[in-house]
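Below: one structure, written as structure tokens.
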Amino acid sequence: MTAPKPRYRRVLALPLGMAMATALAFLPNVSASAADTGAADAAAASAAASAAAADGTTSLSYVVNVRPGHGTSERVQKAIERAGGSVVIAYDEIGVIVVHSSNADFAKIIRKVPGVESAGNTRNAPLPAQSTTDVGTPEVLSAEQVSEADAQATDGQDPLEPLQWDLPAIKADKAHEKTLGSSKVTVAVIDTGVDDTHPDIAPNFSAAQSTNCVTGKPDTTYGAWRPTAAESPHGTHVAGEIAGAKNGIGITGVAPGVKVAGIKVATTAGYFYTEAVVCGFVWAAEHHIDVTNNSYYTDPWYFNCTDDPDQKALVDAITRASQFAERKGTVNVAAAGNESYDLASHSITDPVSPNDGTPTDRVIDPHTCFDIPTQLPGVVTVAATGAKGLKSSFSNYGLGVIDIAAPGGDATAYQAPEPPATSGLILGPLPGGRWGYMAGTSMATPHVVGVAALIKSTHPHASAALVKALLYAEATATPCTDPYDINGDGKIDAVCEGSKNRNGFYGWGTADALAAVTR
């Protein structure tokens with residue numbers, strides 16, 4: 001049976017006809033051409049497939065959480081073996097062990113072992129995950145559209161920069177007059193993979209800080225971080241939004257002088273499983289990453305309820321990994337989500353979980369059931385705004401949950417940009433040397449990551465805590481939109497709570513790139 005399609009936070013598909021003809025309304029799991037990953041990638045893929053086959057299609061993946069910093073005790077190791085488990089990797093620094101087992105009772109058994117603090121299965125689909133099904137072909141910018149934009153570009157602008165209304169929205173264009181950011185700062189895109197051969201990304205790409213974490217264990221084969229032709233272009237778009245080079249080609253990133261790394265954590269089917277996300281954060285922590293971009297929720301549960309032992313284990317594991325990264329100096333930034341949920345409410349209906357099995361409607365309390373990594377402590381949570389500076393129609397919100405806002409795009413019919421920009425969505429690179437539009441809190445998050453990278457460039461010795469404090473203090477205070485009737489039908493679409501300086505729509509305000517390089 002083909003599993004339900006994963007719900008990307010990552011990309012929003014706008015209703016038909018709401019975007020301009022030149023816009024891309026991406027759906028999850030879209031097909032996209034990617035750069036040739038070469039023989040090394042093919043060999044790596046073959047090896048991964050063989051390993052999966054050896055595991056057996058009835059195997060599931062688990063995380064077993066033990067006391068951090070002491071290694072896996074002999075008692076726990078033997079218990080894992082007796083319960084039919086095989087250790088994939090043990091992250092001793094945070095006490096997280098990734099295990100594969102075909103024993104349906106593995107988690108129940110291992111939770112009773114002294115020294116085990118929590119354990120749970122990370123997925124419902126057997127290993128390996130199901131293959132993707134294409135649901136749409138993205139429309140890229142044509143040569144004519146590129147030429148038209150280039151004709152509008154002024155001296156010092158990249159050819160497609162006139163279409164990037166999002167840069168002046170956060171004063172990034174003014175910031176670039178002072179600095180493009182430091183090459184000593186590296187951001188990591190924890191995502192579907194990054195096409196580092198794209199001309200907007202190649203000049204700033206750091207291969208030494210990139211990897212493939214899909215199995216839960218880093219694969220450092222050269223090029224393993226790239227998406228294949230069957231995989232989403234999402235990570236490539238995000239990477240370009242952050243650090244697209246100012247090189248006379250294509251678009252310009254928010255921080256076009258910093259380095260960008262790719263940490264691939266999504267399966268071919270587009271699932272972001274716990275073991276991969278844990279691996280991604282630990283890799284970032286151990287490879288001197290200054291800021292991570294997390295435009296996803298961890299599958300298969302949109303919200304992970306701590307009264308469920310399996311889901312609690314997933315929260316525990318990723319909390320440990322993200323906090324480990326922050327202790328090492330990494331600022332972790334995550335998308336708020338695209339369902340117009342009030343994450344500060346006490347009741348949300350989640351209709352999509354588990355998205356790799358049989359989802360059912362369940363009513364959850366987001367105070368005890370968490371969207372991860374979005375709602376984890378210490379993570380910067382980003383809401384999206386459109387070309388008019390209002391909360392995007394789709395963006396999740398919530399007082400005390402949203403930390404900051406940034407351009408993520410919106411339907412052009414709701415928030416149209418000023419000319420020469422023509423689309424209300426966000427322009428960025430696509431695999432294979434192309435460019436196109438996307439929208440979502442996924443697109444807002446890289447704007448904040450770029451601003452955080454500029455802060456780190458300006459304050460190279462700042463701790464993660466100080467970078468976050470400056471990010472919030474330097475944001476442009478944005479008062480509640482009240483009433484919020486984004487489609488003009490006379491009905492209130494969302495209620496914003498809070499003050500001008502901190503509220504549920506915009507957090508501490510809209511990200512400000514100019515302040516990042518001048519204060």
Side-chain angles (χ1 to χ4, degrees), residues 11-26 30 32-35 136-177 180 195 197-203 233-234 236-254 256 385-389 392 407-440 443-444 446-447 450 513:
V11 175
L12 178 79
L14 293 175
L16 184 64
M18 292 172 64
M20 294 291 289
T22 56
L24 294 190
F26 275 93
V30 294
S33 298
T137 302
E139 178 187 342
V140 302
L141 285 183
S142 67
E144 181 181 359
Q145 290 164 337
V146 171
S147 179
E148 288 175 357
D150 190 11
Q152 301 272 4
T154 60
D155 289 343
Q157 283 190 319
D158 277 343
L160 299 180
E161 198 171 340
L163 303 180
Q164 294 182 268
W165 59 265
D166 47 307
L167 295 184
I170 59 170
K171 305 173 193 168
D173 54 337
K174 299 298 183 184
H176 296 165
E177 294 174 4
L180 302 180
D195 176 11
T197 69
H198 194 288
D200 261 335
I201 296 173
H234 187 265
T236 301
H237 197 282
V238 166
E241 287 183 60
I242 300 168
K246 198 168 184 65
N247 57 354
I249 300 173
I251 58 92
T252 299
V254 174
T385 56
K388 297 300 184 185
S392 301
D410 205 350
T412 308
Y414 294 165
Q415 301 191 61
E418 296 294 328
T422 58
S423 172
L425 311 188
I426 306 298
L427 184 62
L430 303 175
R434 304 173 303 157
W435 292 268
Y437 290 99
M438 287 178 159
M443 279 59 256
H447 287 81

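In this text, all values refer to a predicted model and were calculated from it rather than measured experimentally.
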Determine the minimum heavy-atom distance between Ala175 and Ala513, stating which atoms define it. CB-O, 3.6 Å
Reference residue Tyr437; test side-chain contact (heavy atoms from CB on, under 4.5 Å); the match among Leu430, Ile426, Leu163: Leu163
Short side-chain to backbone donor-acceptor contact, His447 and Pro407, under 3.5 Å: yes
If we ignore hydrogens and angles and just use 3.5 Å, is the side chain of His237 paired with the main-chain N or O of Pro429 as donor and acceptor? no
Distance-only donor-acceptor hits, side chain of residues 146-156, under 3.5 Å, sequence neighbours excluded:
{"from": "Thr154", "atom 1": "OG1", "to": "Gln157", "atom 2": "OE1", "distance (Å)": "3.3"}

Without swapping roles, check the side chain of Trp165 against the backbone of Gly386 for a donor-acceptor pair under 3.5 Å. no
Exam field: side chain His198 to backbone Gly244, donor-acceptor pair closer than 3.5 Å: no
Applying salt bridge (charged side-chain N to carboxylate O under 4.0 Å, His left out), which residue pairs with at least one partner in residues 164-174 are found, sequence neighbours left out? Lys171-Asp512
Got a donor-acceptor contact below 3.5 angstrom from the Asp200 side chain to the Ile251 backbone? yes
Hits for side chain to side chain contact (heavy atoms under 4.5 Å, CB included) against Lys246, two or more places apart or cross-chain, chain-then-number order -> Asp158, Glu161, Leu180, Thr252, Pro256
Shortest non-hydrogen contact from Gly433 to Asp195? N-OD2, 4.4 Å
At their closest point, which heavy atom of Ile242 faces which heavy atom of Pro446, and how far apart are they? CG1-CB, 3.4 Å
Interatomic distance, Gln145 atom CD to Ser423 atom OG [nearest 0.5 angstrom]: 10.0 Å
Between Glu241 and Leu427, the two heavy atoms sitting closest are CG-O, 4.5 Å
For Thr412 and Gly424, indicate whether the former's side chain and the latter's backbone hold a donor-acceptor pair under 3.5 Å. yes
